[in-house]
> 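I am attaching a structure below and will ask some questions about it afterwards.
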Amino acid sequence: METIQLKTVDPLGQELLKSAGQRGLFLSWDRFEKLQPQDGFLRLGLSCPYGCWHGPCRIDPFGRGPEKGFCGLDRDQMVAASFLRLTLLGSLAALSKIGLRWEDGGGKFSRKIFGQAGKKLGGERISRNDLNRSISYLERSAEPAETLVNQAIRLALLTLGLIWDKEMWQEKLKPLPILAGYGLLAQREINIGVSGYPSLKLLKMAAEEIKKSGAEKGQLISLGEIIILNEKCLPCVGTSGETELILSSGKIDLLIAGPKIDPAVRELCQSISIPVMNSADRTSFKEIIKKIKDKKTNRSVNFNPPPDLVEEAEVFGGPLAIKDLLRTSSSSPIFFLGGDDHPGQPLGWIPTEVAPNLTDGKARVFLWGDAGLWMVKKGMLNPQKKWPFHLLDKQSTILAALSVLAEGKKIHNIGGIFFISFKNSFDLTFSLGLAALGLKVGVAIPLPIWGSELVRSFIQKRIGELGGSFTHYDHFAQPEEIIDWFKK
Amino acid sequence: MKVIGVHLERCVGCKTCEIYCAVERGSNGKTLWKAVQEDPLPQARVRVEGTNNLSFPWQCRHCLKAPCLDACLTGALSRDPKSNLVIVKEDKCIACWTCTMFCPYGVIYPWPERKVALKCDRCAFMEKPVCLDVCPCQALELVELEELVEASRQRRKEIIQQISEHKKGLIILDLA
């Protein structure tokens with residue numbers, strides 16, 4: 001069984017963890033440990049994803065129990081269907097993210113770029129019908145496993161095409177400075193944390209209110225997300241895996257919560273009396289800030305990070321900025337490393353071990369998500385130090401980088417795109433789409449497809465036919481393995 | 001002697017005990033993802049049986065008068081004098097499956113691929129049985145046999161009393 005040896009590589013994070021433990025606070029690691037082992041059938045993809053009411057059926061991974069579902073679905077079909085379901089969820093998440101209307105169905109550009117790959121995956125153009133077809137496949141169908149996997153790959157490509165069309169070509173952001181580190185907590189009297197992607201409207205209101213009550217006294221700080229507000233990046237205390245730790249420090253006076261906030265974060269705020277504000281709240285910021293000021297005197301804080309423990313970096317958000325960045329390098333390898341923290345690995349371990357090992361010679365490393373923020377916290381993205389690490393504002397900006405590289409005929413310089421973990425189905429769909437585009441893609445966490453050898457090998461075969469590769473492991477990958485993967 | 005007791009009302013039939021018993025006790029890789037790739041596939045020493053209304057994890061009861069011990073032709077099954085548990089010495093097992101026929105609970109399983117009889121040894125060489133550790137509902141508990149016997153006796157008394165209250169005049173002999 002998996003056990004967690006070290007929870008975070010950050011010494012201050014460890015200090016906070018200890019303190020939280022002493023105060024009886026129940027944080028994400030405690031929940032993760034209590035949940036072990038997580039559902040074995042689901043982890044292998046052997047729990048039927050069809051929503052029929054004769055189930056839920058599960059297939060015994062070790063062959064003594066049931067070998068088929070009630071409808072006769074075998075283990076390969078069940079794993080393939082689970083895989084398709086996760087990919088479909090990722091596609092739907094992408095649609096909701098970019099606000100695409102259902103009838104839009106993808107644009108000219110995606111049709112052109114992905115047409116070739118689509119033909120190889122079934123002879124038809126990839127279109128919005130793929131979404132409909134995927135849904136119909138998941139209504140207790142008897143399609144063979146290969147068809148279901150094929151459909152998942154088509155769907156992933158479609159999703160990438162939709163994002164590419166709708167999102168990538170609109171952004172012309174210049175590199176924006178960002179500050180990160182625990183030192184931010186010691187710089188101002190009032191810290192208003194932001195988590196869960198609240199609306200920009202709400203954040204703008206908050207920023208205005210802080211300004212009114214004296215900008216030097218308070219600040220808006222992100223608790224693990226790169227947030228661009230008024231063409232500036234909010235300072236970021238830590239990574240998404242550290243959100244609860246940061247809140248437990250007693251240095252956050254108010255949390256502005258977005259719709260994607262974890263329920264546990266809200267609960268933690270309640271237990272340590274941090275007011276939480278979301279879009280639906282009618283209380284004015286003025287009132288809240290007044291309350292915070294009144295309460296300040298009673299708050300006992302035992303965490304005092306040095307105020308200079310803050311590092312600087314630049315965030316790249318669009319094709320123009322990336323184009324400028326890549327102008328100088330001609331044939332140097334380009335690596336992509338990113339993704340969110342996972343409690344199964346010590347936080348920060350993979351990015352801080354892997355990225356520095358990739359930069360021998362002229363190689364450049366693009367980072368995103370928590371992986372990028374860890375490197376910022378480590379001071380390795382400071383623009384003055386001129387290290388070859390670059391922080392992307394979000395995962396889908398990889399597509400902007402790809403478009404720049406494709407334009408400059410440097411796409412072959414890409415030495416791999418590696419995800420340190422997936423946080424949701426969208427990440428799976430996105431990575432699968434990249435692999436189906438003919439790129440070398442890897443992921444450090446085990447995927448729920450180990451229940452079927454056929455499905456695993458068919459994914460490799462299909463992606464291979466498209467010129468890409470999709471590496472995943474039967475364990476949490478170690479930094480050495482990831483470095484080898486990049487250098488292979 | 002300590003035995004594995006089951007809180008019937010807590011067992012939801014998730015088979016987590018089965019899966020992780022196979023992984024921890026039967027596989028070389030010791031993780032779920034590695035275990036499913038092994039050949040022969042690892043096997044569990046505990047089986048969950050029952051219906052959606054009532055499920056029950058079955059494993060060796062380590063009977064005080066164990067018929068399997070008498071049935072074993074080669075002496076592969078023996079009682080460990082220290083722990084009092086019935087264990088299989090795999091090198092002595094000839095896969096005749098006689099024990100599987102004599103077991104009154106049907107909890108000794110043939111493992112033809114490895115030609116050995118498979119049964120729960122209550123993870124005798126570990127701190128505590130894996131199934132106890134992994135059960136998400138904590139339906140399994142390690143208890144002293146005497147404690148379990150006493151608990152059963154109490155429960156029988158309660159049931160006798162309940163029946164007597166409902167069926168006036170009926171006398172049930174307390175055989176406990």
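Protein chains get the first letters and strands the later ones, always in sequence-line order, with residue 1 at the start of each.
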> If you draw a 6.0 Å radius around NZ in Lys115(B), do more than 12 non-hydrogen atoms from other residues or ligands fall strictly inside?
no
> Quick one: pull up CG in Asp133(B) and CD in Gln36(A) and give me the separation to the nearest 0.5 Å.
11.5 Å
> Look at atom CD of Glu146(B) and say whether more than 12 heavy atoms of other residues, nucleotides or ligands are closer to it than 6.0 Å.
yes
> So how far is it from Tyr109(B) OH to Arg64(A) CZ, rounded to the nearest 0.5 Å?
9.5 Å
> Measuring heavy-atom distances to chain B, does Phe41(A) have an atom under 4.5 Å in its side chain, in its backbone, in both, or in neither?
both
> What residue in Cys14(B), Pro136(B), Ala22(B) has the most heavy-atom pairs under 4.5 Å with chain A?
Cys14(B)
> Nearest 0.5 angstrom please: Trp33(B) CH2 to Leu447(A) CG, how far?
10.0 Å
> Considering residues, nucleotides and ligands other than Phe102(B), do more than 12 of their heavy atoms fall under 6.0 Å from its CZ?
no
> Sort out for me which of Gly65(A), Pro446(A), Gly40(A), Pro61(A) touches chain B most, counting heavy-atom pairs under 4.5 Å.
Pro446(A)
> Quick check: closest heavy atoms across Arg58(A) and Gly13(B), and the distance to 0.1 Å?
NH2-O, 3.2 Å
> Take atom OH of Tyr105(B) as the centre, draw a 6.0 Å sphere, and report whether it contains more than 12 heavy atoms from other residues, nucleotides or ligands.
no
> If you apply the rule side-chain contact (heavy atoms from CB on, under 4.5 Å), what do you find for Glu18(B) with Phe62(A), and how did you get there?
CA-CA 10 Å; Glu18(B) 260 191 45; Phe62(A) 303 120; over 6 Å; no
> So with a 6.0 Å cut-off around CD of Gln138(B), is the heavy-atom count from everything else above 12?
no
> Heavy-atom distance under 4.5 Å between the side chains of Leu44(A) and Val36(B), does that happen here?
yes
> Taking all heavy atoms of Gly63(A) and all of Leu41(B), pick out the closest pair and write down the distance.
N-CD1, 4.4 Å
> Please classify the contact of Arg456(A) with chain B as side chain, backbone, both or neither, using a heavy-atom distance under 4.5 Å.
side chain
> Let me confirm one number: the NZ-CH2 distance from Lys34(B) to Trp450(A), rounded to the nearest 0.5 Å.
8.0 Å
> Give, as side chain, backbone, both or neither, the part of Glu113(B) having an atom under 4.5 angstrom from any heavy atom of chain A.
side chain
> Check each atom of Ala44(B) against the heavy atoms of chain A and say whether the ones under 4.5 Å are side chain, backbone, both or neither.
neither
> For the pair Glu453(A) (side chain) and Gln37(B) (backbone), establish whether a donor and an acceptor sit closer than 3.5 Å, ignoring hydrogens and angles.
no
> To the nearest 0.5 Å, what is the distance between CG on Leu32(B) and CG on Asp39(A)?
9.5 Å
